[in-house]
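Scroll down for the structure; my scribbles are underneath it.
The model shown is predicted, which means the values in this text are computed figures rather than measured ones. What you see below is based on every heavy atom in this structure, not just the backbone, and it leaves out hydrogens, waters and symmetry mates. Below, chains carry the letters A, B, ... as their sequence lines are ordered, and counting in each starts from 1.
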Amino acid sequence: MSQVEQIKETLKQELKHAVTAAGLASAEEIPDVVIETPKDKEHGDFATNLAMQLARVAKKAPRAIADDIAANINYEAAAIDKLDIAGPGFINFFMKKDYLSDIVKTALTMNESFGTTDIGAGKKVQVEFVSANPTGTLHLGHARGAAVGDTLSNILTKAGYDVSREYYINDAGNQIDNLVLSLEARYLQEIGQDASMPEDGYHGADIIGFAKEIVESYGDRFKDADTDKRRAFFRDYGLKRETDKLKDDLADFRVRFDNWFSESSLYEEEKIQPVLDKLSANGETYEKDGALWFRSTEYGDDKDRVLIKQDGTYTYLTPDIAYHQDKLNRGFEELINIWGADHHGYIPRMQAAIQALGYEKDQLTVQIIQMVNLFENGEKVKMSKRTGNAVTMRELMEEVGIDATRYFFAMRAAETHLDFDLTLAKSESNENPVYYVQYAHARICSMLRQADEKGLKPDHEADLSVLTSEKDQDLMKKIGEYPEAVADAAKRHAPHRMTNYVYDLAQTLHSFYNAEKVLTDDEQLTKARLALVEAVRITLHNALSDIGVSAPEKM
RNA sequence: GUCCCAGUAGCUCAGCUGGAUAGAGCAACAGCCUUCUAAGCUGUCGGUCGCAGGUUCGAAUCCUGCCUGGGACGCCA
């Protein structure tokens with residue numbers, strides 16, 4: 001539990017004691033006590049609406065209840081300096097300030113692990129994201145999914161969950177047949193044969209590149225080869241190269257997966273039929289019109305879904321159900337899937353499947369990633385200027401930079417449409433939130449360098465009692481909010497809260513910087529402020545790292 | 001037609017499991033560099049929280065209906 005949580009918890013307990021001591025309500029009647037941090041500093045460090053919540057039970061006016069609570073609370077035990085009763089019945093608490101310096105010491109001591117909490121209690125969670133077909137290039141939407149999925153995984157880990165990142169490779173089915181046929185056609189074209197691309201073929205430059213590679217290594221060896229053998233080779237080759245490309249692109253985007261799960265392994269390891277058997281045994285399937293159906297409407301889906309088509313092959317859903325069964329078999333208690341907006345109609349049937357297999361609906365959450373629109377100089381960018389095709393993730397990384405790209409994609413709630421302003425993301429100015437935050441970090445590093453030249457280093461033992469200015473205290477409070485911000489973002493699956501937090505922290509630092517000096521003639525104050533800014537630096541660094549953004553020491 | 005997401009300042013968005021006067025950035029305007037990085041700070045201006053009802057001590061937040069924008073509704077993947 002973090003410092004601030006500890007304080008709040010103690011305050012809650014003392015509030016409960018005060019309520020029972022005042023005879024306002026019995027312990028069982030007291031609702032969950034909510035301690036909030038008021039927006040307005042005049043409303044204290046913390047506040048509670050408990051008196052209003054108790055109005056009905058205690059049959060008294062909220063302000064009168066607040067008076068009773070105030071008269072009965074133990075100031076010393078709750079670490080309260082003073083309290084006010086305000087508005088309709090809020091109780092505002094002004095805390096003894098020594099807790100603030102504890103926050104600084106905790107940050108310095110924990111360093112890179114500052115921000116970790118145990119609210120996840122080691123729960124095994126799997127985050128599956130990107131999972132783009134291995135048939136082409138990663139685009140904008142994938143990049144957003146990658147940024148959101150990776151950031152979410154980072155903060156879940158920090159909040160104490162046992163997280164595994166997974167990529168589902170759709171390496172079975174029609175699209176792979178198409179990949180093979182496309183590659184075959186390109187290969188034959190490369191060696192001067194008259195071959196046409198399949199109807200739904202992949203026309204990307206990457207396929208042509210692979211065909212050229214094959215010609216370089218193998219010449220025209222496959223010209224008259226047995227079609228099945230040739231295609232088997234092209235299948236393996238194409239998949240390998242496509243998957244490698246995905247891995248490279250994502251690694252360069254600072255996204256790594258714990259597991260790359262192959263769809264075709266479900267076939268090879270015969271994991272599909274047992275799941276069909278289980279569904280049938282549970283009475284969740286029936287036959288109609290020569291097909292096998294899943295009664296997904298039993299679990300709120302619009303219509304039942306076909307599992308085995310008339311021609312005897314599976315629909316896309318079938319191996320996907322087996323895949324989710326496999327995930328659950330691997331011991332994951334909670335599954336988080338991050339899908340593109342075009343898949344959102346697919347959610348009810350997948351959730352139905354989870355339940356039909358005997359699991360709870362909420363063991364699967366699906367986070368939808370909404371569409372991304374690129375803008376440059378106020379104009380909508382439809383196509384890449386370089387290639388004339390849709391803008392790829394790699395182009396974005398190269399043009400905008402990884403830091404800005406990651407930050408911008410993490411910045412907005414995933415389920416909202418995102419306008420990505422290229423001009424802003426590329427600008428090296430205060431308008432650009434990424435630079436604004438990074439600048440705060442660099443500024444601190446600069447001060448630390450100058451202190452270092454004078455032989456001063458941030459010291460865990462510094463006497464922080466001299467940090468009494470408003471800006472000092474604002475900063476300490478803001479640092480103290482970090483573990484909660486992480487926990488909150490994790491609980492709500494809301495990675496964009498981290499960019500909000502880190503921006504706030506940077507703002508508080510810049511404001512402090514303009515109002516107070518760190519390196520002064522007053523040695524005690526200098527030491528205290530060095531410890532303070534080092535704690536800010538650690539927090540900025542950690543929060544940026546959650547988002548996948550670097551924390552530069554110079555700018 | 002059914003379902004999902006969104007609608008908050010001129011623009012881009014926070015806030016949404018009910019709480020105090022609805023916040024931030026940009027834009028506009030006015031200030032701050034002999035001082036640790038001005039990629040910064042301070043202030044001013046800016047709102048019928050899409051519309052209409054409802055629930056209650058209290059609604060941007062919850063419920064219902066409607067309007068607008070986007071998306072999904074295959075024995076495709």
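Under the Watson-Crick or G-U wobble criterion, with both distances below 3.5 Å, B/rC32 is paired with B/rG40. Nucleotide B/rC73 forms a Watson-Crick or G-U wobble pair with B/rG1, both donor-acceptor distances falling under 3.5 Å. Pairing for B/rG46 is absent, judged as Watson-Crick or G-U wobble with the two contacts each under 3.5 Å. Base pairing of B/rC26 is made with B/rG10, judged by Watson-Crick or G-U wobble geometry with both donor-acceptor distances under 3.5 Å. In a base pair of the Watson-Crick type (N1 to N3 plus N6-O4 or O6-N4) or a G-U wobble (N1-O2 and O6-N3), with each distance short of 3.5 Å, B/rU64 is matched with B/rA52.
Under 4.0 Å is where a charged nitrogen must lie from a carboxylate oxygen, and between A/E166 and A/K327 no such pair does. Between A/R529 and A/D472, at least one side-chain nitrogen of the basic residue sits less than 4.0 Å from a carboxylate oxygen of the acidic one, meeting the salt-bridge criterion. Note on A/K527 versus A/E523: salt bridge recorded, some NZ/NE/NH1/NH2 to OD/OE distance being below 4.0 Å. Using a 4.0 Å cut-off between charged side-chain N and carboxylate O, A/E5 and A/K8 make no salt bridge. Classification of A/K60 and A/D68 as a salt-bridged pair holds, one side-chain N sitting under 4.0 Å from a carboxylate O. Between A/K426 and A/E376, at least one side-chain nitrogen of the basic residue sits less than 4.0 Å from a carboxylate oxygen of the acidic one, meeting the salt-bridge criterion.
Within 4.0 Å of A/A86, counting heavy atoms only, lies at least one base atom of the nucleic acid. At the heavy-atom level, A/S446 lies under 4.0 Å from base atoms of the strands shown. Nucleic acid contact for A/E553: base, since at least one base atom lies under 4.0 Å from a heavy atom of the residue. Looking at heavy-atom distances under 4.0 Å, A/Q450 makes contact with sugar-phosphate atoms alone, never a base. When heavy atoms are screened at a 4.0 angstrom cut-off, A/E516 is found touching base atoms of the nucleic acid. Nucleic acid contact class of A/N133 (heavy atoms, under 4.0 Å, all strands): sugar-phosphate only. Using a 4.0 Å heavy-atom cutoff across all strands shown, A/H343 reaches at least one base atom of the nucleic acid. Note on A/A515: nothing from the nucleic acid sits closer than 4.0 angstrom, heavy atoms only. Residue contacts shown for A/N174 are limited to sugar-phosphate atoms, with no base heavy atom under 4.0 Å away.
Comparing atom distances between the A/R492 side chain and each of B/rC16, B/rG71, B/rA38 picks out B/rC16 as nearest. Checked against B/rA20, B/rG19, B/rC3, the side chain of A/N49 finds its nearest nucleotide in B/rG19. Distances were taken from every side-chain heavy atom of A/K303 (C-beta onward) to each of B/rA39, B/rG74, B/rC36; the shortest belongs to B/rG74. The side chain of A/Q507 lies closest to B/rG25, out of B/rG25, B/rC36, B/rG71. Checked against B/rC16, B/rA14, B/rC36, the side chain of A/A413 finds its nearest nucleotide in B/rA14. Nearest nucleotide to the side chain of A/D419, out of B/rU12, B/rA20, B/rG71: B/rU12. When the nucleotides B/rC41, B/rC73, B/rG70 are ranked by their closest atom to the side chain of A/Y436, B/rC41 comes out on top. Residue A/E36 has its side chain nearest to B/rA20 when only B/rA77, B/rA20, B/rA14 are considered. Among B/rG19, B/rC41, B/rC13, the nucleotide with an atom closest to any side-chain atom of A/H510 is B/rC41. Listed candidates were B/rC5, B/rA24, B/rC75. Nearest to the side chain of A/K309 is B/rC75.
Across the P atoms, B/rC66 and B/rC4 are found 13 Å apart, a figure rounded to whole Å. Distance check on atom P: B/rU42 versus B/rA24 gives 11 Å, rounded to whole Å. Using C1' as the reference atom, B/rC26 and B/rC45 are 14 Å apart when rounded to the nearest Å. Comparing B/rG43 with B/rG53, their C1' atoms are spaced 42 Å from each other, to the whole Å. Rounded to whole Å, the separation between the P atoms of B/rA39 and B/rG15 comes to 31 Å. Of the C1' atoms belonging to B/rG58 and B/rG18, the separation is 8 Å, rounded to the nearest Å. Taking atom C1' in both B/rU8 and B/rG71, the straight-line distance is 22 Å, to the nearest Å. B/rC49 and B/rC41 are spaced 30 Å apart, taking the C1' atom of each and rounding to whole Å.
Separating the CZ atom of A/R349 from the P atom of B/rA77 is a distance of 12 Å, rounded to the nearest angstrom. Atom OH of A/Y513 and atom P of B/rU35 are 11 Å apart (whole Å). Taking atom CG of A/D342 as the reference point, atom P of B/rC76 lies 18 Å away to the nearest angstrom. Remark: P of B/rA77 and OH of A/Y202 are 11 Å apart, rounded to the nearest angstrom. Taking atom CG of residue A/L424 and atom C1' of nucleotide B/rC26, one finds them 8 Å apart after rounding to whole Å. In this structure, A/K41 atom NZ and B/rG23 atom P are separated by 15 Å, rounded to whole Å. A straight line from CD1 of A/I91 to C1' of B/rA20 spans 14 Å, rounded to a whole angstrom. Rounded to whole Å, the distance from CG on A/D522 to P on B/rC36 is 19 Å.
At B/rC76, none of the side-chain N or O atoms of A/R305 fall inside 4.0 Å of OP1 or OP2 (strictly under the cut-off). Regarding contacts with the backbone of B/rU12, every side-chain N or O of A/H417 stays at 4.0 angstrom or more from both OP1 and OP2. Within the structure, a side-chain polar atom (N or O) of A/T416 is placed less than 4.0 Å from OP1 or OP2 of B/rA14. OP1 or OP2 of B/rG15 has at least one side-chain nitrogen or oxygen of A/R497 nearer than 4.0 Å. Proximity of A/S511 to the phosphate of B/rU42: a side-chain N or O atom is located under 4.0 Å from OP1 or OP2.
Between A/A494 and A/M52, it is A/A494 whose nearest contact on RNA chain B lies nearer the 5' terminus. If you find the closest nucleotide of RNA chain B to A/D488 and to A/K288, the one lying nearer the 5' end belongs to A/D488.
With hydrogens and angles left out, the side-chain atoms of A/Q175 and A/N170 include no donor and acceptor closer than 3.5 Å. With hydrogens and angles left out, the side-chain atoms of A/S262 and A/D171 include a donor and acceptor closer than 3.5 Å.
When side chains are defined from C-beta on, A/H417 counts as touching A/M371, because their heavy atoms get closer than 4.5 Å.
The ring of A/Y346 does not lie on top of the base of B/rA72; it is either too far (5.5 Å or more) or too tilted (30° or more). Stacking between A/H43 and B/rA20 is present: the aromatic ring centre lies within less than 5.5 angstrom of the base six-membered ring centre, and the two planes differ by under 30 degrees.
Heavy atoms of other residues, nucleotides or ligands lying less than 6.0 angstrom from NZ of A/K309 number more than 12.
Applying the 90° criterion around 0 to the glycosidic angle, B/rC33 comes out syn.
At a cut-off of 3.5 angstrom, the base of B/rA20 holds at least one donor-acceptor pair with the side chain of A/N92.
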